[in-house]
S.K.: 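Just dropping this structure here.
This one's a predicted model, so the numbers in the text were calculated from it and none came from an experiment. Along the sequence shown, the residues carry numbers beginning at 1.
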Amino acid sequence: MLKKHADALEGVVKAYTRKVEKHVPIHPEYVASVLDELADDDAVFTVDTGMCNVWAARYLTPNGRRRIIGSFSHGSMANALPQAIGAQFTDPNRQVVTLSGDGGFSMLMGDFLTLVQYDLPVKVVVFNNSSLGMVELEMMVAGLPSYGTTNKNPDFAAIARAAGAHGIRVEKPKQLAGALKEAFKHKGPALVDVVTDPNALSIPPKIKADMVTGFALSASKMVLDGGVGKMLQMARSNLRNVPRP
């Protein structure tokens, strides 16, 4: 069973981080993978509801010392930042890192001032794809073209700096590791705003017939409505990373 589990991780999960070091916009899977490599062995991760749940489950390596906190039962949005505040107050010397979606972070952005007010060294990593990714995917699987799921985001790093924290914006993969290292070394609160690919899909481990039917119906509606370009972009972002034997 351990071998099967290892094969699944190395064959399926790693398919999404293979040869994406030059992909722009940055693949969110790549962000989670690099974050897993650089974070402390006893780090506390807080995870926003939505796509960040998926990236955390697939790419954060459990070792018996790390902790992952999320709203896994209730599915409350914008949970990562307030949970990180509580975790950091509980243990001021432990590394606390959020995997924040841009939608969730925007909803409770005011709580970022709490980090500055109390000088809590939480590291906020924003997966900035300018969309409510999980909601959009759920709509497509249900056969609906996405509607009302896109965000017009500001430069979150600039907002962090204006608030008195350390802020870094990352738009290219080669900038990612250096930005995360810089944030982790900073003694106070820090935010890393990573611009990620809005077309990256979270493909489930088991695809059911009704999912395929719904997705095909949604894609057809989008194409008939003039969205051929969006479907091509989605194909380019995902087909090259479909798991290979």
S.K.: Atom CG in D193, atom CD in E171: separation rounded to 0.5 Å?
M.R.: 8.5 Å

S.K.: Determine the minimum heavy-atom distance between S71 and S76, stating which atoms define it.
M.R.: OG-N, 2.9 Å

S.K.: Is a donor from one side chain sitting under 3.5 angstrom from an acceptor on the other, for N79 and T49?
M.R.: yes

S.K.: Honestly curious: do F72 and L99 fall in one hydrophobic cluster under the side-chain, below-4.5 Å linking rule?
M.R.: yes

S.K.: Side-chain heavy atoms under 4.5 angstrom apart, residues restricted to Ile, Leu, Val, Met, Phe, Trp, Tyr: same cluster for L120 and F105?
M.R.: yes

S.K.: Quick check: is L38 connected to V122 through a chain of hydrophobic side chains (ILVMFWY, heavy atoms under 4.5 Å apart)?
M.R.: no

S.K.: Among all residues two or more places apart in sequence or in another chain, which pass the salt bridge (Lys or Arg N to Asp or Glu O under 4.0 Å) test with E182?
M.R.: none

S.K.: For V44 versus R94, what's the shortest heavy-atom pair and its separation?
M.R.: CG2-NE, 3.5 Å

S.K.: Working to the nearest 0.5 Å, report the span between CG of D119 and CD of Q88.
M.R.: 10.0 Å

S.K.: Do the non-hydrogen side-chain atoms of Q95 and F184 ever get within less than 4.5 Å of each other?
M.R.: yes

S.K.: Locate the shortest heavy-atom distance separating G101 from D48; write the atom from each residue and the value.
M.R.: N-OD2, 3.0 Å

S.K.: Go through the steps to decide whether F127 and S100 satisfy the test side-chain contact (heavy atoms from CB on, under 4.5 Å), and finish with yes or no.
M.R.: CA-CA 6 Å; F127 287 68; S100 297; over 6 Å; no

S.K.: Picking from T98, L115, I168, V126, what satisfies side-chain contact (heavy atoms from CB on, under 4.5 Å) with L191?
M.R.: V126

S.K.: Keeping R58 on the side-chain end and S33 on the backbone end, is there a donor-acceptor pair under 3.5 Å?
M.R.: no

S.K.: Is V97 close to V125 at the side-chain level, that is, under 4.5 Å between some pair of heavy atoms?
M.R.: yes

S.K.: Please determine whether side-chain hydrogen bond (donor to acceptor under 3.5 Å, both in side chains) holds for the pair D36 and T61, giving the CA-CA distance in whole Å, both sets of side-chain angles, and the decisive distance to 0.1 Å.
M.R.: CA-CA 7 Å; D36 177 57; T61 304; 2.8 Å; yes

S.K.: In this structure, would V47 and V124 fall into the same cluster of hydrophobic residues linked by side-chain contacts under 4.5 Å?
M.R.: no

S.K.: Nearest 0.5 Å, please: how far is CG in L60 from CZ in F45?
M.R.: 5.0 Å

S.K.: As a test of understanding, state which of V170, V34, V195 forms a side-chain contact (heavy atoms from CB on, under 4.5 Å) with I26.
M.R.: V170

S.K.: Provide the closest heavy-atom pair for G104 versus M77 in the form atom of the first, atom of the second, distance.
M.R.: N-CE, 4.2 Å

S.K.: Distance-only, no hydrogens or angles: does the K123 side chain make a donor-acceptor pair with backbone N or O of L180 under 3.5 Å?
M.R.: no

S.K.: Donor-acceptor pair, D111 side chain versus T114 backbone, under 3.5 Å?
M.R.: no

S.K.: Please test E29 against W55 for side-chain contact (heavy atoms from CB on, under 4.5 Å), starting from the C-alpha separation and ending with a verdict.
M.R.: CA-CA 6 Å; E29 299 94 337; W55 314 142; 3.7 Å; yes

S.K.: If you define the side chain from C-beta out and look only at heavy atoms, does anything of V194 sit under 4.5 Å from L176?
M.R.: yes

S.K.: Tell me, please, which residues at least two apart from Q117 pass side-chain hydrogen bond (donor to acceptor under 3.5 Å, both in side chains).
M.R.: none

S.K.: Do you reckon I68 sits in the same ILVMFWY cluster as V31, going by side-chain contacts under 4.5 Å, direct or chained?
M.R.: yes

S.K.: Would you say T46's side chain and A80's backbone share a donor-acceptor pair under 3.5 angstrom?
M.R.: yes

S.K.: Look up atom CG in L2 and atom NZ in K4, then write down how far apart they are to the nearest 0.5 Å.
M.R.: 11.5 Å

S.K.: Might you point out which heavy atoms bring M107 and A78 nearest each other, and give the distance in Å?
M.R.: CB-CB, 3.9 Å

S.K.: Extract all donor-acceptor atom pairs below 3.5 Å that involve side chains of residues 152-165 and protein atoms in other chains or at least two apart in sequence.
M.R.:
unit_1	atom_1	unit_2	atom_2	d
N153	ND2	D102	OD2	2.8
N153	ND2	N128	OD1	2.7
D155	OD1	A157	N	3.0
D155	OD1	A158	N	3.1
R161	NH1	G167	O	2.8

S.K.: How long is the straight-line distance from OG1 of T196 back to NE2 of H27, given to the nearest 0.5 Å?
M.R.: 10.0 Å

S.K.: Check whether the ring centres of Y118 and F89 lie less than 6.0 Å apart, and answer yes or no.
M.R.: yes

S.K.: Where the side chain of Q175 meets the backbone of K172, is there a donor-acceptor pair that is under 3.5 Å apart?
M.R.: yes

S.K.: Would you say the side chain of P173 lies within less than 4.5 Å of the side chain of V24, judging by non-hydrogen atoms?
M.R.: yes

S.K.: What pair of heavy atoms forms the shortest contact from P25 to H23, and how long is it?
M.R.: O-CD2, 2.6 Å

